[in-house]
**Student:** 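Structure provided below as structure tokens; questions to follow.
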Amino acid sequence: MATSQSSSCSADFVLGMDLGTTSVKVVLLEAQSNRVTDSRSFPTNSDISCTTDTHAKEQDPALIIAALDQCMDALPKDKLKKVKCIGVCGQMHGIVLWKSKSGCEWLSKDEIIRFIPKEDVSQLITWQDGRCSADFLSSLPKPDSHLSVATGFGCATIFWYMKHRPEFLSDFSDAGTIQDYVVSMLGGLDKCVMTGQNAASWGYFNTTTNQWNTQILKDAGFPVHLLPVVVESGAVAGHTSSEWYGIAAHTPVGAALGDFQCSVYSCMTDKGDAVLNMSTSAQLTFGMPAEFSPPGSPDTLCPVAYFPYLHGSYLAVAASLNGGNVMATFVRMLDSWMKEFGLEVNESRIYSQLIQSALAQPNTDLTVTSTLLGERHDPTTSASVSQISPSNLSLGHVTRAVCRAIIENLATMMPPQSLQAAGVRCIIGSGSALSCNPVLQQEVERVFPFPVVYGKDVDSAVGVAMVFNDQT
């Protein structure tokens, strides 16, 4: 995907990048006008198949950086030379490990200087990793935090490796999210730097004191030397140690932020706004009052969490593991069935037909529970289909029921009444899974009694560029 608009060559720009679960996106934001002039996005195709453990969800950092290289190479060279600051965000919770000072190799070819990961970099264990069972998580020490620890969280993943593959951890001196890794490589940092947004997503982090639960972790034998140095969200982590795609050396690089918070920053301009973002997963959020302080300990059964935002504020978030990935699984199931009949149908055509059929079927008595991947507050729950009858087995009925279930699951986690009590007056709908699916949009408008606005530029890469443009 590419967009470009004309802009004065004398203008300064902020580069924003989002290292997502399935794709990388970069934007150039004109500093003075706060307007996006150029945008590029490429899929990473970075998933690693693991035959020994079906619960493992890992990605290849080299392929993620390759997608970043594709994006950077497609941006206008004259504008890159005028970048005054770099903002980075990406998928939270996950963890990649590397050896300090040897995490990448810098290359120069055709006047382009870039970096690639070296062998001293681990795979990225993503937020979707499911190796930490409920029994395993219950055996871990209780965190000094208002946020629970779940499978796929960085600290939980390290605990898992401590128990099952301790030799793996001995190879590394640094760890961070994939966006922290990129910041560390660009800045040539001696030690990984992480904001409270990403630290909170790892677990065992107190957002009130902005500190790791160091003593609790030490007492459990945790390798605390792997924990990044924490800085304020919005702070500069360092400066580029080299020229990079024409961006000058010594350009400020912001400490990496969470993709979710940046997507909210790009669009939520009014206290009465809530944001419903649905891509791979789904989140429904609104801003808490400035005086809000989170509870002292986690409520593991509560579906609403309070994520650190900016300037000491918080977002109330219903973060569901089940969003666009549920529809994607439905499509893959149909595709595999058709292949068993010897039929080949493009997945995009399957999506299109599902949506058309559901639009022609505005209601259904078929009941679907969409929690295919469980939920962090209820990891043992699963999906189901009930109220099946001969009259509701059409493609339209089933697709409508699946879309309805995805939205109703979010409404169960964050009921409309709680939004009304918080003063929400409007929902901003965003994310690729929602923006491309009018059936999901219909279900949002059916379930939530608020005006819903689509089409706003809700974008993590834009949001992180805006954050650091506002800072400078």
Side-chain angles (χ1 to χ4, degrees), residues 3 5 7 11-18 20 25-39 85 87-90 92 195-197 232-235 254 257-279 282-292 304-319 410 414 416 418-435 441 444-445 448-472:
T3 63
Q5 301 174 21
S7 176
D12 286 333
F13 298 91
V14 177
L15 175 69
M17 68 178 82
D18 174 26
K25 183 173 184 178
V26 299
V27 301
L28 284 172
L29 187 81
E30 189 178 61
Q32 187 171 359
S33 65
N34 219 29
R35 180 176 61 93
V36 174
T37 62
D38 301 88
S39 171
C85 184
V88 186
C89 71
M92 298 189 292
T195 62
Q197 291 182 5
E232 291 291 331
S233 298
L257 301 176
D259 55 357
F260 174 69
Q261 287 91 335
C262 290
S263 69
V264 171
Y265 194 84
S266 73
C267 68
M268 193 165 70
T269 57
D270 188 278
K271 291 181 179 178
D273 290 342
V275 177
L276 197 169
N277 181 71
M278 188 178 297
S279 295
Q283 304 88 25
L284 180 57
T285 186
F286 60 87
M288 296 299 291
E291 64 274 12
F292 171 79
V304 175
Y306 299 99
F307 285 12
Y309 191 37
L310 293 163
H311 313 301
S313 64
Y314 289 83
L315 298 170
V317 187
L410 271 176
M414 186 176 279
S418 65
L419 293 172
Q420 290 172 324
V424 169
R425 298 185 297 274
C426 175
I427 291 178
I428 299 169
S430 68
S432 56
L434 188 60
S435 62
Q441 293 176 14
V444 171
E445 292 155 20
F448 293 99
F450 306 99
V452 184
V453 177
Y454 302 100
K456 272 198 172 185
D457 194 6
V458 182
D459 189 306
S460 299
V462 174
V464 73
M466 291 172 62
V467 168
F468 287 102
N469 192 38
D470 291 346
Q471 298 290 335
T472 56

**Student:** Look at atom CD of Q32 and say whether more than 12 heavy atoms of other residues, nucleotides or ligands are closer to it than 6.0 Å.
**Tutor:** no
**Student:** What's the shortest heavy-atom distance between A465 and V14, and which atoms?
**Tutor:**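 In this case the closest contact between A465 and V14 is O-CG1, 3.6 Å.
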**Student:** Using the side-chain hydrogen bond (donor to acceptor under 3.5 Å, both in side chains) criterion, which residues pair with Q261? Sequence neighbours excluded.
**Tutor:**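 Q261 satisfies side-chain hydrogen bond (donor to acceptor under 3.5 Å, both in side chains) with no residue once adjacent residues are dropped.
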**Student:** Rounded at 0.5 Å granularity, tell me how far SG in C262 sits from CE in M466.
**Tutor:**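 One gets 10.0 Å once the value is rounded to the nearest 0.5 Å.
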**Student:** V36 pairs by side-chain contact (heavy atoms from CB on, under 4.5 Å) with which of D459, L28, V27?
**Tutor:** V27
**Student:** Working to the nearest 0.5 Å, report the span between CG of N469 and CD of E30.
**Tutor:** 10.0 Å
**Student:** Are the side chains of L29 and F468 in contact, using a 4.5 Å heavy-atom criterion?
**Tutor:**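 Result no, sub-4.5 Å side-chain heavy-atom pair not found.
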**Student:** Could you go step by step and tell me if F450 and V424 meet the side chain to side chain contact (heavy atoms under 4.5 Å, CB included) rule?
**Tutor:** CA-CA 8 Å; F450 306 99; V424 169; 4.2 Å; yes
**Student:** How long is the gap from OG1 on T285 to CG on L419, to the nearest 0.5 Å?
**Tutor:**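 Interatomic distance, T285 OG1 to L419 CG, rounded to 0.5 Å: 9.5 Å.
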**Student:** For the ring pair Y306 and Y314, is the centre-to-centre distance below 6.0 Å?
**Tutor:** no
**Student:** Are the side chains of V467 and L310 in touch, meaning some heavy atoms are under 4.5 Å apart?
**Tutor:** yes
**Student:** Are any of the side-chain heavy atoms of I428 and L276 separated by less than 4.5 Å?
**Tutor:**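 Heavy-atom side-chain distance check fails, nothing below 4.5 Å.
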**Student:** Once you round to the nearest 0.5 Å, how far does CE of M278 lie from CD of Q441?
**Tutor:** 10.5 Å
**Student:** Among side-chain atoms of S263 and N277, is any donor-acceptor pair under 3.5 angstrom?
**Tutor:**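 No pair is found: no donor N or O on one side chain lies under 3.5 Å from an acceptor on the other.
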**Student:** Apply side chain to side chain contact (heavy atoms under 4.5 Å, CB included) to residues K25 and S39 and explain how you reach the verdict.
**Tutor:** CA-CA 7 Å; K25 183 173 184 178; S39 171; 3.0 Å; yes
**Student:** Give the minimum heavy-atom separation between P416 and P449, together with the two atoms involved.
**Tutor:**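 Smallest heavy-atom distance, with atoms named: CB-CD, 3.6 Å.
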**Student:** Between V275 and C267, what is the shortest heavy-atom contact and its length?
**Tutor:** CG2-SG, 3.7 Å
**Student:** When you look at M92 and F307, which way does the side chain to side chain contact (heavy atoms under 4.5 Å, CB included) test go after all the steps?
**Tutor:** CA-CA 12 Å; M92 298 189 292; F307 285 12; 4.1 Å; yes
**Student:** Taking all heavy atoms of F260 and all of Q283, pick out the closest pair and write down the distance.
**Tutor:** CE1-CB, 3.3 Å
**Student:** Restricting to non-hydrogen atoms, name the atom on T195 and the atom on S233 that form the minimum distance, rounded to 0.1 Å.
**Tutor:** CB-OG, 3.5 Å
**Student:** Does a salt bridge link D270 with R425, judged by any charged N lying under 4.0 Å from a carboxylate O?
**Tutor:** yes
**Student:** I need the L15 CG to D38 CG distance, nearest 0.5 Å.
**Tutor:** 10.5 Å
**Student:** Would L315 and F286 satisfy side chain to side chain contact (heavy atoms under 4.5 Å, CB included), going step by step from the backbone distance to the final call?
**Tutor:** CA-CA 6 Å; L315 298 170; F286 60 87; over 6 Å; no
**Student:** Just by modelled atom types, is the Y309 backbone N or O under 3.5 Å from a matching donor or acceptor in the S313 side chain?
**Tutor:**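 A pair under 3.5 Å: no.
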**Student:** For P451, give me all partners under side chain to side chain contact (heavy atoms under 4.5 Å, CB included), at least two apart in sequence or on another chain.
**Tutor:** none
**Student:** Minimum heavy-atom separation for A282 and L410, please, with both atom names.
**Tutor:**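 Nearest pair, atom of A282 first, then L410: CB-CD1, 4.0 Å.
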**Student:** Once rounded to the nearest 0.5 Å, what's the spacing between atom OH of Y265 and atom OG of S460?
**Tutor:** 14.0 Å
